[in-house]
Undergrad: 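The following block contains the structure, expressed as structure tokens.
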There are 2 protein chains.
Amino acid sequence: MSDYQPLTRKQQEIYQFLVEHYQHRNTPPTLDEICSALGLKSRGSLHKHIQHLVDAKLVEPSNRKQRGIRLTTTKNTPIIKDSTNNAIPYLGKIAAGQPLEAVANYSKITIPTQLKTENECYVLQVTGDSMIDLGIFNNDWVIIEKRNYAKNGDIIVALVNNNEVTLKIIEQTPSKTILKPANKEMQPMHFDPDNVQIQGILVGQMRSYIH
Amino acid sequence: MSDYQPLTRKQQEIYQFLVEHYQHRNTPPTLDEICSALGLKSRGSLHKHIQHLVDAKLVEPSNRKQRGIRLTTTKNTPIIKDSTNNAIPYLGKIAAGQPLEAVANYSKITIPTQLKTENECYVLQVTGDSMIDLGIFNNDWVIIEKRNYAKNGDIIVALVNNNEVTLKIIEQTPSKTILKPANKEMQPMHFDPDNVQIQGILVGQMRSYIH
DNA sequence: AAACCTTGTTCTCTATTTGTTCTTGTTATA
DNA sequence: TATAACAAGAACAAATAGAGAACAAGGTTT
């Protein structure tokens, strides 16, 4: 697939820095910022290291964009466990017709530890009434644990037909994937398993009554 | 559909300013006000940044309207800085048959700023199904703003007959206080106003799906 | 209604920041 | 010794940011 060049020490150090930076800030660093953080004096040399990370598919190629040093998503991005910090990304509205990966810049929301798991979580806002029978209303927030599998009966966030994100109850058989709304007036929808990509499962829900 | 250009540093700074301004003032700022707040000297350059925010659908297009720089979403404005101290007391379970004042020592729960008001708030856990038609289930948490008055239709926490705490919809007339559950199978209850003491009104709700 | 001020918009020009590509030299390691 | 890893810095180009002038539409005062 790809010629895996193992990372050198320095490259690891830089990658580590990027991961940590990514956890705390929502803008990527500049080369100069990385330099001063790591005690380097030359952007040029740093850039060569970054280039290796790009080749290793750990960093997105940032074509001259300023602050374009961003980690590649979806992969095995190591998560630094920081139990004191329970601010997690708010990625916008569900059913917005966009794959979640597309969300470029986000803000963070602090949530109670009771509403999240140990794993990577994010927040979405619900649009629509498809889950009202389970007490999830329009404009509620939901906390989602990021993962790509679920068991039957779980409430999941799924990317359907590669163009729509939706919150439903999942029922999987080898030949079919059924997404069931929790709303008496709506019908379950049947899909080819290939057309449903699980993006996370529901772990929490919140609602504001402030007007 | 939409080519998400990530925000540049300056654009983020401006957006952040708008969010904070929005939370404290009730009129949008003028370009000049933003300029002097951020130390800029040219409306023109600022305007270009604002234009990017409009393209990113973060700011409404303000067609020459004065003070027309308003954020796109009203309720769901992402909070960028959420580092304030929002740990509030957890006072135990509702309907526990004890006036809340009696709770001596309590733990604190961190909640998102979106779920609380500026005033004193606390958290209770719901016992029972009296509010399920409004999506408040058994074992949900509710965030309550502490106060002793409410208007008709508010969802409130009340101490009834000096021995029971309950979460209901309130309806007040000079001669009667009616507490209505949100559950088709339960009946409203009528009280002498003297026997119902309002302890707070509902401002937020949370639910955990982790088991 | 007219005169006036405020404020959003558009434009041009310039400055600064920052990613990229070099060349050169040093240090570590097999 | 040979090779890879690393560092520094110069030079360049694109992206980003800023200043200021001129204009037009909105509001306000007279």
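These figures come from a predicted structure and were not determined experimentally. We name chains A, B, ... by the order of the sequence lines, and we start the count at 1 in each one. The analysis underlying the following values was restricted to heavy atoms, covering all of them including side chains, and did not include hydrogens, waters or symmetry mates.
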Undergrad: Using atom CG of B:L31 as one end and atom C1' of D:dG27 as the other, report the distance to the nearest whole Å.
TA: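 Between C1' of D:dG27 and CG of B:L31: 16 Å.
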Undergrad: On DNA chain C, does the nearest nucleotide to B:K65 precede the nearest nucleotide to A:E33 from the 5' side, or the other way round? Give the residue.
TA: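 Looking at the nearest nucleotide for each, B:K65 comes out on the 5' side.
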Undergrad: When only distance counts, do a donor and an acceptor, one from the side chain of B:R64 and one from the base of D:dG26, lie under 3.5 Å apart?
TA: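 It does not, because no donor-acceptor pair links the side chain of B:R64 to the base of D:dG26 below 3.5 Å.
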Undergrad: Rounding to an integer number of Å, can you tell me how far A:N63 CG sits from C:dG19 P?
TA: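 The distance from CG of A:N63 to P of C:dG19 comes to 13 Å, rounded to the nearest Å.
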Undergrad: With respect to the side chain of A:Q66, which nucleotide from C:dG19, D:dA17, C:dT18 is positioned closest?
TA: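 So the side chain of A:Q66 is nearest to C:dT18.
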Undergrad: Can you tell me if CZ on A:R67 sees more than 12 non-hydrogen neighbours from other groups inside 6.0 Å?
TA: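 Enclosed.
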Undergrad: B:I34 has an atom CD1; how far is it from atom P of D:dG18, in whole Å?
TA: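 For the pair B:I34 CD1 and D:dG18 P, the rounded distance is 13 Å.
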Undergrad: Check whether the side chain of B:S45 and the base of D:dA19 form a donor-acceptor pair under 3.5 Å.
TA: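 Result: at least one qualifying N/O pair found.
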Undergrad: Hey, is the side chain of A:H47 poking within less than 4.0 Å of OP1 or OP2 on C:dT20, counting only N and O atoms?
TA: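 Yes, because at least one side-chain N or O of A:H47 sits under 4.0 Å from OP1 or OP2 of C:dT20.
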Undergrad: Test your reading of the model: is there a side-chain donor-acceptor pair from A:N138 to the backbone of A:G128, 3.5 Å cut-off?
TA: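 Answer holds: yes.
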Undergrad: Which whole-number value in Å describes the distance from A:E13 CD to D:dA7 C1'?
TA: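 These atoms are roughly 13 Å apart.
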Undergrad: Please give, in whole Å, the distance from D:dG27 P to B:R67 CZ?
TA: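 About 12 Å, once rounded to whole Å.
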Undergrad: Let me know the distance between NE2 of B:H49 and C1' of C:dT16, rounded to the nearest Å.
TA: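 These atoms are roughly 12 Å apart.
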Undergrad: Rounding to an integer number of Å, can you tell me how far A:H52 NE2 sits from D:dA7 C1'?
TA: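 Distance, rounded to whole Å: 14 Å.
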Undergrad: Measuring to OP1 and OP2 of C:dC11, would you say a side-chain N or O of B:K48 lies under 4.0 angstrom away?
TA: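 No, outside the criterion.
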Undergrad: Round to the nearest Å and state the distance from A:I14 atom CD1 to C:dG19 atom P.
TA: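 Rounded to whole Å, this separation is 13 Å.
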Undergrad: Base, sugar-phosphate or nothing for B:L40? Non-hydrogen atoms, less than 4.0 Å.
TA: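 Sugar-phosphate contact only - B:L40 comes under 4.0 Å of backbone atoms but never of a base.
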Undergrad: Mind listing the closest non-hydrogen atom pair of A:A150 and A:I170 along with its distance?
TA: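 Between these two residues, the closest heavy atoms are CB-CG2, 4.2 Å.
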Undergrad: Using a cut-off of strictly less than 4.0 Å, decide whether B:T8 has a side-chain nitrogen or oxygen near OP1 or OP2 of D:dA15.
TA: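 False: B:T8 side-chain N/O out of range (4.0 Å or more) of D:dA15 OP1/OP2.
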Undergrad: Given side chains that start at C-beta, do those of B:P181 and B:D129 come closer than 4.5 Å, heavy atoms only?
TA: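 They are not in contact (no side-chain heavy atoms under 4.5 Å apart), so the answer is no.
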Undergrad: Do the side-chain N or O atoms of B:R9 get closer than 4.0 angstrom to the phosphate oxygens (OP1, OP2) of D:dA15?
TA: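 Looking at the OP1 and OP2 atoms of D:dA15, neither is under 4.0 Å from any side-chain N or O of B:R9.
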Undergrad: Is any side-chain heavy atom of B:I34 less than 4.5 Å from a side-chain heavy atom of B:I50?
TA: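 Heavy-atom side-chain distance check passes, below 4.5 Å.
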Undergrad: Between the side-chain atoms of A:S42 and the base atoms of D:dA7, is any donor-acceptor pair under 3.5 Å?
TA: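 No, the side chain and the base share no sub-3.5 Å donor-acceptor pair.
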